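Only this structure's heavy atoms are used, side chains among them; waters, hydrogens and symmetry mates stay out. Quick caveat, the model's predicted, so the values are computed rather than measured.
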Amino acid sequence: MKWRKAILAVMLAAVAALAPAGMPAHAGAASKPGAKASAPIAASQTTTAEAAGAADAPASDKAAPEASAPATTGAVDPTTTGTVTGAVPKAVVDSAPAIATDARLAGDGERTRLVVDLSRAVPLGAFTLADPYRVVVDVPDVVFTLPASAGQEGRGLVTAYRFGLFAPGKARIVMDVSAPVKIDKAFVLEPMDGQPARLVVDLVKTDRKSFLKMVAAPVRRMQEPPMPAPAVAAAGDTRPVIVIDPGHGGIDPGTVSVSSGVAEKELVLAVGLELRDKLNATGRYRVLMTREDDTYVPLGQRVRVARESSARLFISLHADSLPGHSGDARGGTIYTLSDRASDAEAQRLADSENKADMISGVDLSEEPNDVAGILFDLAQRETRNFSAQFARTLAGYIEDTARLHKSPLKSAGFKVLKAPDVPSVLFELGYLSSAKDLELMTSKDWQSKVTDAMVVAINAYFATQKPAQVLPVAMPASLDATVGDSGGGSRPEAAIRP
C-alpha cells in the first residue's frame, strides 16, 4: 500500500504544480441556460467566474478577479504550437455521450471566451487554422441539443461558430474569428454542486506572424474521418459501382430553411438512402455511400471514395437556397463540371458548396494544385462527355415526375465533381427557400417518385454503355494521388470507365 500512497502523492504534487497559485477548484452557482454573456473581458479580468474555472458572477458589470483553470480536463500547455489536448479517466470516456445544453460568448475585440455547458466532462483538443482564421475544438462523443440559431451571432473576436458531428464518435466546434488569435486557455471543468461541466476556450488577439507559427496544419489528416472501404467486387462480378454522395453532414448543415428549420444535410441523406436501397434492389449495381449518417466527409475524400472504388457514376445530392428571395426560384438543377461557370447562379452555388471544408474546420493549406498534361486533359474531357450525357438523361426522366428549374442543366467548378475518370453530376433537388419546393422535397411521396425516376434514368444511361474496360486514354499512375486527394490512397490502374 505504501507504493500506492507514494504514487498518489507524486500525482497530487504534479497537479499542484500545473495550477497557478490562488486558483479555486470549484465554486458558486451557474448561470441559467441561455443566459446572455455579461460585460467584456479585460486582460486581467473576467465577467463570469465560471469562464475562468469557477462559478458565474452576479448579473452585473462588476468584474471578478481572473483565476486560471483548475486541474481539469484538457488544460492548455503554454508550450504547444496551436494544438491543445487533454484526457479524462477511462470510466468517464466509456460512459454515455455527453450532452451540450447551452453555449455562450463573452468578451471584446481583444479577448473573447466561449463557454459550453456539458452533462459531463470530456477531453478536448483545440487548434487554429488560417485563411480564413478559425479556431477548432474537437471533443469525443458529444450530442448538441443547442437551438438551431446558436452560434449565428458572434461577439468580440468570434464572428460565428458551428457545432456538430465531424466523424463517428467525434464532435467539433468551429469558431470563425475576425483576426489572428491565440488560444490562451482551453479546459473543461468537472460538474460540481449541481452545476454542469463546462468547456471553456479563451482567445486573445495576436498578430498574423505569431498566429501562423501556431497554426496546427499537421493535425488535419489525423482528424479526417476514416475512408469507407472501397467497393470490392466478388470474382466475376462486373456490375458497375455507383457512388451516392449526400452533401454536407455533421458540423456542416448546408443550407437551412428559415421558415421550417429543415437542414439540407438531413433532406439529402434521406433521399440518398432511399436511392441506394432502390438501386440495390435492382441487383444491377454495387452501390456505395460517401456517408450513411450525420457525419461530415471532406470534399477530397468524397472524390477518393469514387476513384478508389473504380466507380462508373458519382451522384452528389444537394438542395439550394436563395436567402431574401424566397419563392423567386424553384425546381431541380443538374450540374456538371466545367472550368467556367455556365452563368452567375452556377458560380454562386459552386463557390458556396466549395466552402464546405472551410466550414467544417478542415485545413486547406495542403490542397493539391490542379494537374496538367495532355493525358489528363484527354481523360477528363472524355469523362465530362459521359457526365453531360448522364445529366441530360437524368433531366429527361425527372421532368416527368418533379419540377425542374427553368435552366435545369448547368455547369461550374465544383470540387466534388473533379474525379478525372468518374462521370459525375451534382443534383440540386430544389430550393429550401421556396415554400412549395420545401413542401414537396420533405414529402415521402415526392421523395419516392424522384428516386424512382432516378433509378430509371440510371438504368437508361447504363443501357447505352459498354461494360467496364480499359480505354486507350488512361490516367498515368503519377497523377492518381494528386487529383481530388490531399492525402494518400492508392487507385487501380486508371482508365475512363463509362
Find out whether [X] and [Y] are in side-chain contact, i.e. whether some heavy atom of one side chain is under 4.5 Å from a heavy atom of the other.
X	Y	value
Val422	Arg312	no
Arg330	Arg403	yes
Val416	Leu426	yes
Ile315	Val243	no
Val271	Leu273	no
Phe427	Leu394	yes
Ile242	Phe462	yes
Val256	Val262	no

How close do [X] and [Y] get, counting heavy atoms only, and between which atoms?
X	Y	value
Val137	Met175	CG2-CE, 4.2 Å
Val455	Lys278	CG2-CB, 3.8 Å
Thr393	Ala457	CG2-O, 3.5 Å
Ala100	Val116	CB-CG1, 4.0 Å
Gly331	Asp437	N-OD2, 2.7 Å
Pro196	Asp117	CG-CG, 3.9 Å

Give, for atom [atom1] of [X] and atom [atom2] of [Y], the distance between the pair rounded to the nearest 0.5 Å.
X	Y	atom1	atom2	answer
Phe144	Arg172	CZ	CZ	11.0 Å
Leu105	Thr159	CG	OG1	10.0 Å
Ser260	Leu432	OG	CG	7.0 Å
Thr255	His318	OG1	NE2	12.0 Å
Ile244	Ser316	CD1	OG	11.0 Å
Leu199	Ile173	CG	CD1	5.5 Å

Ignoring hydrogens and geometry, is there a side-chain-to-backbone donor-acceptor pair from [X] to [Y] under 3.5 Å?
X	Y	value
Ser411	Ala341	no
Lys265	Gly250	yes
Ser448	Asp445	no
Thr128	Val135	no
Arg276	Val287	no
Arg134	Pro132	yes
Ser387	Pro423	no
Thr333	Glu428	no
Arg286	Arg239	yes
Ser309	Ala311	no

Check: [X]/[Y] side-chain N/O donor and acceptor closer than 3.5 Å:
X	Y	value
Tyr285	Asn459	yes
Asp351	Gln347	yes
Thr295	Asp293	yes
Glu264	Ser257	no

- request: Check the pair Leu438 / Leu440 against side chain to side chain contact (heavy atoms under 4.5 Å, CB included), numbers first and verdict last.
  value: CA-CA 5 Å; Leu438 176 63; Leu440 290 171; over 6 Å; no
message: In terms of relative ring orientation, are Tyr133 and Phe211 parallel, tilted or perpendicular, with 30° and 60° separating the classes?
response: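 Because their plane-to-plane angle is over 60°, the rings of Tyr133 and Phe211 count as perpendicular.
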task: Please work out which of the three classes, parallel, tilted or perpendicular, describes the rings of His405 and Tyr431, given edges at 30° and 60°.
output: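 It falls in the tilted class, 30° to 60°.
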Are [X] and [Y] ion-paired here, with the side-chain N under 4.0 Å from a carboxylate O?
X	Y	answer
Asp102	Arg104	yes
Asp343	Lys410	yes
Arg208	Asp131	yes
Asp252	Arg162	no

- request: Verify the neighbour count for atom NZ of Lys449: are there more than 12 heavy atoms of other residues, nucleotides or ligands below 6.0 Å?
  value: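 No, not enclosed.
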- prompt: Should Val158 and Asp176 be marked as a side chain to side chain contact (heavy atoms under 4.5 Å, CB included) after you check the CA-CA gap, both sets of side-chain angles, and the distance that decides it?
  reply: CA-CA 6 Å; Val158 178; Asp176 297 327; over 6 Å; no
field: side-chain hydrogen bond (donor to acceptor under 3.5 Å, both in side chains) against Asp320, all qualifying residues, sequence neighbours excluded
entry: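 Here the qualifying residues are Arg348.
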task: Evaluate side chain to side chain contact (heavy atoms under 4.5 Å, CB included) for Val174 paired with Tyr161, printing each intermediate quantity in order.
output: CA-CA 5 Å; Val174 179; Tyr161 63 88; over 6 Å; no
Arg302 to Phe414 six-membered ring, cation-pi geometry met (6.0 Å, 45°):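 Cation-pi check for Arg302 and Phe414: fails.
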field: Verdict with reasoning, Thr101 to Leu118, per side chain to side chain contact (heavy atoms under 4.5 Å, CB included)
entry: CA-CA 6 Å; Thr101 56; Leu118 300 168; over 6 Å; no
